[in-house]
Q: 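If you scroll down you'll find the structure; I have some questions about it.
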Amino acid sequence: MSKYSPAEIEARWQAAWAETEVFKAVRDLNRPKYYVLEMFPYPSGRIHMGHVRNYTMGDVIARYKIATGHNVLHPMGWDAFGMPAENAAMASGGHPADWTYANIAEMKKQMKPLGLSIDWSRELATCHPGYYGQQQALFLDFLEAGLVYRKNAVVNWDPVDMTVLANEQVEQGRGWRSGALVERRELTQWFFKISDHSEELLEALDSLDNWPAKVKLMQANWIGKSRGLQFAFSTVDAPDGHEAIEVYTTRPDTLLGASFVGISPDHPLAKVLERQDEDVAAFVAECRKGGTTEEAIETGEKLGYDTGIRVRHPFDTAHEMPVYIANFILMDYGTGAIFGCPAHDERDFEFATRYGLPIISTYLPDEESPEALDEAYVPPKTERVFYNRGFAGEQWQTGNEAIDAAIAFCEANGVGQGVTKFRLRDWGLSRQRYWGCPIPVVHCEDCGVVPEKKENLPVELPYDNGNAAIDFSVPGNPLERHPTWRDVPCPACGKPAKRETDTMDTFVDSSWYYARFTAPRAETPTVMEDVSYWMNVDQYIGGIEHAILHLLYSRFFARAMEITGHLPKSAHEPFDALFTQGMVTHAIYQTARQDGRPTYHYPEEVELRDGKAFLKEDGSEVEVIPSAKMSKSKNNVVDPLNIIESYGADTARWFVLSDSPPERDVEWTASGAEAAFKHLTRVWKLSTRIKTMSADAEGSGDEELLKSMHKTIHDVTMGVESFGFNAAIAKLYAFTATLQKSKAGHAAQREAVMTLAQLMSPMTPHLSEDIWAAQGGEGLIVNAPWPKADEALLVDDTVTMPIQVNGKRRAEIEVAADLSKEEVEKLALAHEAVVRTLAGAAPKKVIVVPGRIVNVVA
RNA sequence: GCGGGUGUGAUGGAAUGGUAGACAUACCGGACUUAAAAUCCGUUGGGGCUGAGCCCCGUGUGGGUUCGAGUCCCACCACCCGCACCA
């Protein structure tokens with residue numbers, strides 16, 4: 001008997017699909033369209049198991065949708081701009097473009113053997129002028145529509161390398177190459193006005209019924225709509241122009257507990273004081289040390305500087321409070337100034353304790369006195385509390401009610417007004433780097449900032465430095481140093497001017513690629529006919545790490561493209577359904593070295609025995625850390641190509657879907673891959689056996705096999721539609737076992753194995769094609785209509801019902817499926833085990849859930 | 001620090017609020033074999049009982065809602081993701 005040989009099978013069927021162009025997507029108004037998209041990869045040069053898992057899931061959906069009669073668009077592209085290309089050029093010479101295109105070619109070569117249903121004719125790379133030129137056109141339209149503007153914003157500045165650093169390049173507050181303490185420095189940069197759309201982006205989340213609730217919640221929290229009070233403290237001994245400090249608070253109900261005012265180091269008042277006072281300047285300089293991330297600011301030591309300025313409490317002008325400059329206050333949120341209420345806020349409590357400021361309680365648990373507070377008391381939302389020095393004796397519930405009441409009270413007393421604010425900040429898109437999409441504007445001394453003319457697009461990145469190669473070993477942006485690229489005539493007046501040397505954030509590239517796939521070679525960013533037909537993306541699949549930024553930016557971009565006429569009206573939610581898949585992990589094998597640090601061993605060096613791991617080399621035991629993210633430095637990366645070589649793509653695809661629910665991490669194990677391969681071999685042999693059966697052979701149990709088959713059709717269909725791939729695969733295992741044991745006749749077995757092949761085909765398309773062809777199926781299985789479950793065969797005549805007494809299972813009865821509740825109850829109460837457990841006691845209540853369970857309450 | 005998530009046998013996991021552990025791995029036992037591999041079959045949450053049936057315990061910890069909780073609610077612990085210039 002011949003063998004299951006995936007290498008031969010897979011090459012053959014991939015060739016057949018290519019030849020018939022089954023995956024080429026063509027607009028066809030007569031068929032329902034279906035657009036499935038996986039988040040496109042960064043061309044790092046190697047595909048990894050995470051890619052395999054991501055694209056396999058998309059492929060399952062795509063192939064299932066083809067089988068159910070949809071016109072499917074399933075494209076692939078490359079998120080090709082970004083830092084790694086420049087880092088590679090820095091580390092080992094070469095050019096980012098060469099490095100990137102070589103990586104794309106390499107990764108495409110690695111991806112092809114997976115047998116994905118991708119329309120490669122639509123392939124795009126964001127670093128190609130054909131793509132980023134259209135992105136520049138979008139930028140110019142956004143600029144004209146008032147969706148882009150310039151303002152100052154802080155960046156990480158490396159004072160030794162004299163260069164801007166990405167957050168990733170800051171390690172514990174220091175530049176990753178120079179090791180110098182990073183500072184926060186202001187630069188003029190371009191921004192998208194995403195904040196104008198805060199309310200809309202928040203409200204529209206409700207319409208995204210097929211998005212994970214957690215992603216919508218994260219986005220809602222990120223947008224951060226809040227209701228609060230904005231008011232002014234009048235100052236004492238402050239510089240001119242700062243007679244008041246404007247403050248925003250979401251806790252106006254704690255206003256009487258205020259004991260200090262804090263302002264951001266970037267607050268205008270802090271800037272005035274910085275110029276006047278050396279000590280302030282030194283403190284502010286101290287505050288500017290460290291990176292720009294919110295994490296760094298929020299977890300850092302809370303430092304304050306007493307400016308000597310005081311403010312008067314608006315409800316008690318005799319009560320004066322100090323004004324501190326504090327390093328944890330963000331200029332970007334609210335007004336850049338806060339009042340501190342140490343009694344009811346843990347961060348303020350920490351600050352007040354450190355600087356010896358009074359802790360004044362307005363909310364008190366029970367009748368405790370304020371002095372009893374040794375930590376901030378944040379009252380539970382539902383607890384009724386009292387003010388001991390309250391707003392003229394007012395008493396409120398805690399929570400939103402108190403906040404609304406406090407706002408109303410303050411407004412009525414002429415202290416500020418209730419306002420709504422959002423946490424969401426405008427999206428800064430300027431990057432001081434070479435390998436990105438050039439921002440198509442020119443700076444002219446006479447005309448100011450002038451947009452490039454559209455006919456001059458694309459503004460292409462210069463490949464070299466005039467006559468020499470671009471040098472990435474010098475820190476900073478090579479575009480700044482380019483001898484000729486910068487110098488261009490002003491598009492408005494023609495006088496010598498300078499091109500903008502900043503390039504765009506790579507998030508811009510990934511914010512509209514889904515639309516570009518609908519007409520990837522068009523001379524305009526989109527073509528209305530194509531976007532109207534193909535958009536929206538019906539199913540988007542990617543990692544949870546993109547839950548906020550990429551998805552929010554894409555939602556904003558779709559709105560901006562709608563405003564500027566690049567997307568049809570009301571197509572501003574680009575992704576109808578979203579699925580976030582988990583990572584592929586792998587155990588780490590490590591042994592301790594002399595110096596206590598671990599040595600990491602490759603899986604090939606380790607032997608597994610009795611649930612323990614040993615080094616093959618000397619038999620010593622190895623520590624196993626299960627389920628860790630695959631990482632080169634930990635030697636626990638499994639290369640998909642090796643797996644494909646040993647077992648074939650179908651095995652790799654089957655395994656990454658089989659072992660864990662798709663939204664959770666899956667741990668790659670050699671034994672799991674082995675099991676997947678064994679199963680596919682079993683199915684292949686099963687098909688071979690059935691093929692060699694006598695064609696007119698009759699058997700017994702055809703009816704049972706048929707029933708089992710239709711249940712499997714039903715379960716697998718449900719599984720595929722609801723991303724329950726692992727559960728669907730479990731059903732396929734069970735059905736395979738049933739078929740293997742079946743004594744049914746040839747016709748029934750042939751139908752069963754062909755159906756099995758069809759149900760497996762989204763996961764293991766090559767094997768399925770092979771079985772289909774071997775059994776004499778018509779055409780390609782990829783074009784065969786999805787099997788339909790016969791409802792009549794799904795219901796059983798009898799059901800087994802467990803009987804519980806007080807929630808504990810005591811017995812079970814086999815009853816007719818349509819037996820009445822009364823009859824079931826009678827049977828249950830008469831059951832010997834129930835009678836024994838009740839021991840003569842009369843049941844208080846009997847709950848019968850038809851077809852499921854009986855619970856007798858004693 | 002803030003926001004979000006996850007936690008079930010030796011392992012990955014299954015389970016519209018309704019028999020916890022489907023399916024797979026691992027282990028053990030059996031068949032086949034001169035032997036091994038491969039293949040096939042079977043057992044396996046823990047404890048108890050005068051064992052072929054029954055009882056008790058069991059889904060991170062502690063509480064709660066319910067006739068009934070892995071599932072819903074509250075608090076805590078551990079781990080993972082994000083925090084606006086990583087992609």
Side-chain angles (χ1 to χ4, degrees), chain A residues 39 41-42 44 79 81-84 155-156 164-170 189 194 212-215 217-222 224 291-300 302 328 332 346-347 380 423-433 505-507 510 543-550 552-553 580 582-583 608 610-611 626-627 629 655 658-661 663-667 669 671-672 674-676 678-679 681-682 685 724 726-727 729-734 737 740 800-812 833 836 844-847 849 852-858:
Chain A
M39 291 179 185
Y42 179 79
S44 60
D79 190 12
F81 275 135
M83 290 200 308
V155 292
N156 300 305
V164 176
L165 297 178
N167 285 337
E168 196 189 44
Q169 297 169 315
V170 179
Q189 305 188 71
I194 189 171
K214 63 179 170 185
V215 174
L217 188 56
M218 279 191 259
Q219 292 220 351
N221 289 337
W222 185 261
T292 58
T293 69
E294 198 165 309
E295 186 188 3
I297 292 162
E298 293 285 339
T299 54
K302 310 283 180 287
F328 58 88
D332 293 313
E346 280 167 33
R347 194 174 60 180
R423 203 184 78 98
L424 181 64
R425 311 200 293 257
D426 279 333
W427 170 13
L429 66 113
S430 302
R431 297 291 181 271
Q432 296 71 40
R433 271 187 280 279
D505 179 7
T506 55
F507 273 121
S510 56
I544 186 69
E545 66 274 19
H546 294 293
I548 296 174
L549 293 180
H550 162 61
L552 189 60
Y553 290 157
T580 55
M583 289 185 307
L608 299 175
D610 305 330
S627 204
K629 192 174 189 162
F655 177 74
S658 68
D659 239 30
S660 283
E663 68 275 15
R664 288 244 284 267
D665 291 351
V666 61
E667 183 174 345
T669 59
S671 56
E674 187 76 32
K678 278 183 190 171
H679 178 256
T681 304
R682 229 175 350 246
K685 284 188 174 164
N726 56 325
I729 283 175
K731 301 287 183 185
L732 287 165
Y733 271 115
Q740 244 176 334
T800 305
M801 290 180 75
I803 306 168
Q804 298 182 328
V805 178
N806 292 329
K808 282 187 197 298
R809 197 189 78 95
R810 298 296 168 178
E812 60 181 40
R836 176 161 31 87
K844 286 202 192 97
K845 198 159 132 192
V846 180
I847 291 150
V849 184
R852 300 234 62 135
I853 203 165
V854 181
N855 191 12
V856 179
V857 187

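Chain A is the first sequence line, chain B the second, and so forth, proteins listed ahead of strands; every chain is numbered from 1.
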Q: Which is true for A:Lys808 with a 4.0 Å heavy-atom rule: it touches a base, it touches only sugar-phosphate, or it touches nothing?
A: sugar-phosphate
Q: Please determine, for B:C54, whether a Watson-Crick or G-U wobble partner exists with both distances under 3.5 Å, and give it or none.
A: B:G48
Q: Does B:G7 have a Watson-Crick or wobble mate here (both distances under 3.5 Å), and if so which one?
A: B:C77
Q: Could you check whether A:Arg810 gets within reach of a base, just the sugar-phosphate, or nothing at all, counting any heavy atom under 4.0 Å?
A: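 Sugar-phosphate, no base atom in range.
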Q: Give the ring-plane orientation class for A:Phe507 versus A:His550, where under 30° counts as parallel, over 60° as perpendicular and anything between as tilted.
A: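 Taking A:His550 first and then A:Phe507, their aromatic rings lie parallel (interplane angle under 30°).
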Q: Going by modelled atom types, is there a donor-acceptor pair between the base of B:C85 and the side chain of A:Gln189 at under 3.5 Å?
A: yes
Q: Can A:Lys214 and A:Glu663 be counted as an ion pair, charged N to O under 4.0 angstrom?
A: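 Looking at A:Glu663 together with A:Lys214, the answer is no, because their closest N to O distance does not fall below 4.0 Å.
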Q: Between atom CD1 in A:Ile297 and atom C1' in B:C83, what is the gap in whole Å?
A: 11 Å
Q: Considering every strand and a 4.0 Å limit on heavy-atom distances, what is the contact class for A:Arg433: base, sugar-phosphate, or nothing?
A: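 Here A:Arg433 touches the bases of the nucleic acid.
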Q: What does A:Gln432 touch in the nucleic acid at a heavy-atom separation under 4.0 angstrom: a base, only the sugar-phosphate, or nothing?
A: base
Q: With a 4.0 Å cut-off on heavy atoms, is A:Val215 in touch with a base, just the backbone sugar-phosphate, or nothing at all?
A: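 Nothing, no nucleic acid heavy atom in range.
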Q: Consider the side chain of A:Asn726, meaning its heavy atoms from C-beta on, and name the nucleotide among B:A87, B:A14, B:C67 that approaches it most closely.
A: B:A14
Q: Would you say A:Arg664 places a side-chain N or O within less than 4.0 Å of OP1 or OP2 belonging to B:C81?
A: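 Answer no for this pair, as no side-chain N or O of A:Arg664 is under 4.0 Å from OP1 or OP2.
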Q: Hunt down the Watson-Crick or G-U wobble partner of B:A14, both distances under 3.5 Å, from any strand shown, or write none.
A: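 None - no nucleotide pairs with B:A14, as no candidate has both distances under 3.5 Å.
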Q: Between P on B:C85 and CD1 on A:Ile194, what's the gap in Å once rounded to a whole number?
A: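 Result: 11 Å.
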Q: Want to settle it: does A:Ala730 or A:Lys214 sit nearer the 5' end of RNA chain B, counting the closest nucleotide to each?
A: A:Lys214
Q: Look at A:Arg431 and B:C85 and indicate whether a side-chain polar atom (N or O) is within less than 4.0 Å of OP1 or OP2.
A: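 Looking at the OP1 and OP2 atoms of B:C85, one of them is under 4.0 Å from a side-chain N or O of A:Arg431.
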Q: Using a heavy-atom cut-off of under 4.0 Å over every strand shown, decide if A:Ser658 touches base, sugar-phosphate, or nothing.
A: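 Counting heavy atoms under 4.0 Å across all strands, no contact is made by A:Ser658.
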Q: Tell which nucleotide pairs with B:C86, taking only Watson-Crick or G-U wobble pairs whose two distances are both under 3.5 angstrom.
A: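 When the pairing criteria are applied, nothing turns out to pair with B:C86, so the answer is none.
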Q: I want to check one thing: is the phosphate of B:C2, taken as OP1 and OP2, less than 4.0 Å away from some side-chain N or O of A:Arg347?
A: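 Looking at the OP1 and OP2 atoms of B:C2, neither is under 4.0 Å from any side-chain N or O of A:Arg347.
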Q: So which nucleotide does B:A36 pair with, by the Watson-Crick or G-U wobble rule with both distances under 3.5 Å?
A: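 No nucleotide pairs with B:A36.
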Q: Of the nucleotides B:A87, B:C85, B:A84, which has the atom closest to the A:Arg425 side chain?
A: B:A84
Q: Looking at every strand, decide which applies to A:His679 at a 4.0 Å heavy-atom threshold: base, sugar-phosphate, or nothing.
A: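 Answer is nothing: A:His679 stays at 4.0 Å or more from every strand.
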Q: Base, sugar-phosphate alone, or nothing: which one does A:Gly82 contact when heavy atoms must sit under 4.0 Å apart?
A: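 Counting heavy atoms under 4.0 Å across all strands, the contact made by A:Gly82 is with sugar-phosphate only.
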Q: Just to be sure I understand the rule, does A:Gly428 reach a base, reach only the sugar-phosphate, or reach nothing, if contact means heavy atoms closer than 4.0 Å?
A: sugar-phosphate
Q: Looking at B:A84, B:C81, B:C23, which one has an atom nearest to any side-chain atom of A:Thr293?
A: B:A84
Q: Can a donor-acceptor pair be found between the side chains of A:Ser660 and A:Asn726 at a distance below 3.5 Å?
A: no
Q: A side-chain contact here means heavy atoms from C-beta on lying under 4.5 Å apart; do A:Asn221 and A:Arg423 qualify?
A: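 With C-beta onward as the side chain, the pair stays apart.
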Q: In terms of side-chain heavy atoms of A:Thr506, which of B:C85, B:C40, B:A87 is nearest?
A: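 For the A:Thr506 side chain, the nearest candidate turns out to be B:A87.
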Q: At under 4.0 Å between heavy atoms, what does A:Ala675 touch on the DNA or RNA strands: base, sugar-phosphate, or nothing?
A: sugar-phosphate
Q: Could you work out which one of B:U39, B:G1, B:G18 sits closest to the side chain of A:Val849?
A: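 For the A:Val849 side chain, the nearest candidate turns out to be B:G18.
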Q: To the nearest Å, give me how far apart CG (A:Asp659) and C1' (B:C23) are.
A: 10 Å
Q: Within the 4.0 Å heavy-atom criterion, would you say A:Asn167 contacts the bases, only the backbone, or no part of the nucleic acid?
A: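 Sugar-phosphate contact only.
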Q: Using a 4.0 Å heavy-atom cut-off across all strands, classify A:Thr299 as base, sugar-phosphate, or nothing.
A: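 Here A:Thr299 touches the bases of the nucleic acid.
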Q: Determine the Euclidean distance between corresponding P atoms of B:U65 and B:C73; express it in Å to zero decimal places.
A: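 Approximately 15 Å lies between the P atom of B:C73 and that of B:U65.
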Q: Quick check for you: among B:A26, B:C55, B:C83, whose closest atom lies nearest to any side-chain atom of A:Glu295?
A: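 So the nucleotide nearest the side chain must be B:C83.
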Q: When you get a sec, tell me which of B:C40, B:C85, B:G1 is the closest nucleotide to the side chain of A:Gln740?
A: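 Per side-chain heavy atoms of A:Gln740, the pick is B:C40.
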Q: Looking at B:G18, B:U39, B:G13, which one has an atom nearest to any side-chain atom of A:Ser660?
A: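 Closest of the options to the side chain of A:Ser660: B:G13.
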Q: Send over the distance from A:Ile803 CD1 to B:C54 C1', rounded to a whole Å.
A: 16 Å
Q: So, is B:G29 syn or anti if syn means the angle is within 90° of 0?
A: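 The base of B:G29 is oriented anti (glycosidic angle more than 90° from 0).
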Q: Considering every strand and a 4.0 Å limit on heavy-atom distances, what is the contact class for A:Gln219: base, sugar-phosphate, or nothing?
A: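 Since no nucleic acid heavy atom lies under 4.0 Å of A:Gln219, the category is nothing.
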Q: Send over the distance from A:Lys731 NZ to B:G13 P, rounded to a whole Å.
A: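 That distance rounds to 19 Å.
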Q: Out of B:G4, B:A20, B:A84, which nucleotide sits closest to the side chain of A:Met218?
A: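 My answer, after comparing the listed nucleotides, is B:G4.
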Q: Side-chain N or O of A:Lys678 less than 4.0 angstrom from OP1 or OP2 on B:U39?
A: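 Answer yes for this pair, as a side-chain N or O of A:Lys678 is under 4.0 Å from OP1 or OP2.
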Q: How would you label the contact of A:Leu424 with the nucleic acid (heavy atoms, under 4.0 Å): base, sugar-phosphate, or nothing?
A: base
Q: Quick one: A:Leu549 CG to B:G82 P, roughly how many Å, whole number?
A: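 Taking atom P of B:G82 as the reference, CG of A:Leu549 is at 10 Å.
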Q: Could you check how far CG of A:Asn806 sits from P of B:C56, rounded to whole Å?
A: 11 Å
Q: Of all the choices, B:G82, B:G68, B:U19, which nucleotide is nearest to the side chain of A:Glu812 once you look at every atom?
A: B:U19
Q: Keeping the roles fixed (side chain from A:Asn855, backbone from A:Gly807), state whether a donor-acceptor pair exists under 3.5 Å.
A: yes
Q: Quick one: on RNA chain B, does A:Ile729 or A:Phe507 contact a more 5' nucleotide (nearest heavy atom)?
A: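 Final value for this comparison: A:Ile729.
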Q: Could you give the CZ-to-P distance, from A:Phe655 to B:C23, as a whole number of Å?
A: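 Result: 18 Å.
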Q: Check whether the side chain of A:Glu294 and the base of B:C83 form a donor-acceptor pair under 3.5 Å.
A: no
